[in-house]
Amino acid sequence: MTTGKRESVLSLRAMDEEDFSVISAFLQDSLVRLRDMIYLQDDQQFIVLVDRLVREGRLVDKGEHIEGSRVQTGLCFEGVMSVHVRGISQEDRNTLLQFITVAYIPGEIALIFDQEAVIRLRGDSLVCLFKDLDVSFSMG
């Protein structure tokens, strides 16, 4: 495992279709374990910790971009009134999922993973807070 220094931390807020298309681009091919997701029903929040590929060139190690670098990113979806899961066995909390895309329509966000797995978040005023955490690493 190789560590690098982050030039800056990526922090985004998504509230509409255009915003979520940006979030989706950053999350493509990210990896997440089922155990790193939680729905806090009383707080109307769905929280996810992902290992995403760094594509924006902000990870440096001695001045050079590291290919295959990942960063842990926290996602907090606010305003979530219900969560519906399809194609994911919830018995094995170590199940590893790979993000394909994030689809948004008013009132619903679909987190779409490989193997036709989908998590649908529903609510009236859905917002996603996206923030890189202070942990960078290289796969390989």
Side-chain angles (χ1 to χ4, degrees):
M1 183 157 71
T2 304
T3 59
K5 295 167 75 176
R6 299 278 298 161
E7 287 181 348
S8 65
V9 172
L10 187 59
S11 182
L12 304 169
R13 180 184 183 107
M15 298 172 51
D16 60 25
E17 187 174 1
E18 185 176 340
D19 294 345
F20 277 100
S21 68
V22 172
I23 295 283
S24 181
F26 280 113
L27 289 178
Q28 184 177 3
D29 298 324
S30 292
L31 301 174
V32 61
R33 293 208 184 275
L34 199 53
R35 69 175 180 236
D36 293 329
M37 298 184 203
I38 188 167
Y39 177 42
L40 303 173
Q41 188 172 9
D42 291 343
D43 296 327
Q44 295 184 344
Q45 294 179 330
F46 187 78
I47 299 171
V48 184
L49 179 64
V50 304
D51 294 332
R52 75 173 185 86
L53 285 170
V54 176
R55 292 188 169 106
E56 65 275 12
R58 288 199 170 102
L59 181 67
V60 293
D61 187 19
K62 299 180 183 173
E64 296 179 17
H65 178 74
I66 301 171
E67 291 301 318
S69 300
R70 290 189 178 267
V71 64
Q72 288 188 322
T73 300
L75 306 168
C76 179
F77 296 91
E78 297 181 339
V80 178
M81 313 262 308
S82 66
V83 176
H84 303 276
V85 178
R86 186 188 77 202
I88 301 172
S89 171
Q90 296 184 49
E91 293 173 14
D92 182 4
R93 302 293 292 161
N94 287 316
T95 297
L96 185 64
L97 302 169
Q98 182 175 345
F99 265 100
I100 301 297
T101 191
V102 177
Y104 171 84
I105 58 171
E108 182 177 293
I109 298 167
L111 307 176
I112 302 170
F113 303 94
D114 62 341
Q115 306 295 316
E116 299 182 15
V118 178
I119 298 175
R120 294 188 187 284
L121 311 176
R122 294 191 175 126
D124 293 331
S125 301
L126 295 167
V127 174
C128 176
L129 305 174
F130 170 115
K131 185 168 184 172
D132 286 345
L133 305 176
D134 194 21
V135 178
S136 304
F137 57 95
S138 180
M139 300 295 282

query = How would you list all residue pairs meeting ring pair (Phe, Tyr, Trp, His ring centres under 6.0 Å) that involve residues 73-101, not counting sequence neighbours?
reply =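 Pairs touching residues 73-101 that pass the test: Phe99-Phe113.
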query = For Met81, what are the other residues in its hydrophobic cluster, where any two members join if their side-chain heavy atoms are less than 4.5 angstrom apart?
reply =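 None; Met81 is a cluster of one.
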ask   = Under the 4.5 Å side-chain heavy-atom rule for ILVMFWY, direct or indirect, which residues accompany Ile105?
value = none
Following the transitive rule for hydrophobic clusters with a side-chain heavy-atom cut-off under 4.5 Å over Ile, Leu, Val, Met, Phe, Trp and Tyr, establish whether [X] and [Y] coincide in one cluster.
X	Y	answer
Val85	Val102	yes
Leu53	Ile112	no
Leu10	Ile23	yes
Ile100	Val118	yes

Would you compute the distance between atom [atom1] of [X] and atom [atom2] of [Y] and round it to the nearest 0.5 angstrom?
X	Y	atom1	atom2	result
Leu97	Ile88	CG	CD1	5.0 Å
Tyr104	Leu126	OH	CG	6.5 Å
Phe26	Leu12	CZ	CG	6.0 Å
Gln72	Leu49	CD	CG	5.0 Å
Met15	Cys128	CE	SG	12.0 Å

Mind checking side chain to side chain contact (heavy atoms under 4.5 Å, CB included) for [X] and listing every partner two or more places apart, or none if nothing turns up?
X	value
Ala25	none
Gln115	none
Gln45	Leu40, Asp43, Ile47, Cys76, Glu78

Side-chain contact, heavy-atom cut-off 4.5 Å: [X] with [Y]?
X	Y	answer
Leu111	Met37	no
Phe46	Ile109	no
Val48	Ile119	no

task = Apply side-chain hydrogen bond (donor to acceptor under 3.5 Å, both in side chains) to Ser24 and list each qualifying residue two or more places apart in sequence or on a separate chain.
result =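 Ser24 satisfies side-chain hydrogen bond (donor to acceptor under 3.5 Å, both in side chains) with Thr101 only.
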inquiry  = Within the supplied structure, the quantity of interest is the number of heavy atoms (other residues, nucleotides, ligands) at a distance under 6.0 Å from Gln98 CD; does it exceed 12?
reply    =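 Yes - once you tally the heavy atoms of other residues, nucleotides and ligands closer than 6.0 Å, there are more than 12.
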task = Sorted by first residue and then second, give each side chain to side chain donor-acceptor pair (under 3.5 Å) pair with at least one member in residues 11-20; sequence neighbours left out.
result = none
ask   = With sequence neighbours left out, which residue pairs that include part of residues 31-40 fulfil the side chain to side chain donor-acceptor pair (under 3.5 Å) condition?
value = Arg35-Asn94
query = Where is the tightest heavy-atom contact between Arg70 and Asp51, given as atom of each residue plus distance?
reply = NH1-O, 2.9 Å
query = What are the two closest heavy atoms between Gly87 and Ala117, and how far apart are they?
reply =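 It is O-CB, 3.7 Å.
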task = Check the pair Asp132 / Val54 against side chain to side chain contact (heavy atoms under 4.5 Å, CB included), numbers first and verdict last.
result = CA-CA 10 Å; Asp132 286 345; Val54 176; over 6 Å; no
Pairs meeting criterion salt bridge (Lys or Arg N to Asp or Glu O under 4.0 Å) with involvement of [range], two or more places apart:
range	answer
residues 81-104	none
residues 21-32	Asp29-Arg55
residues 108-125	Glu108-Arg120, Glu108-Arg122

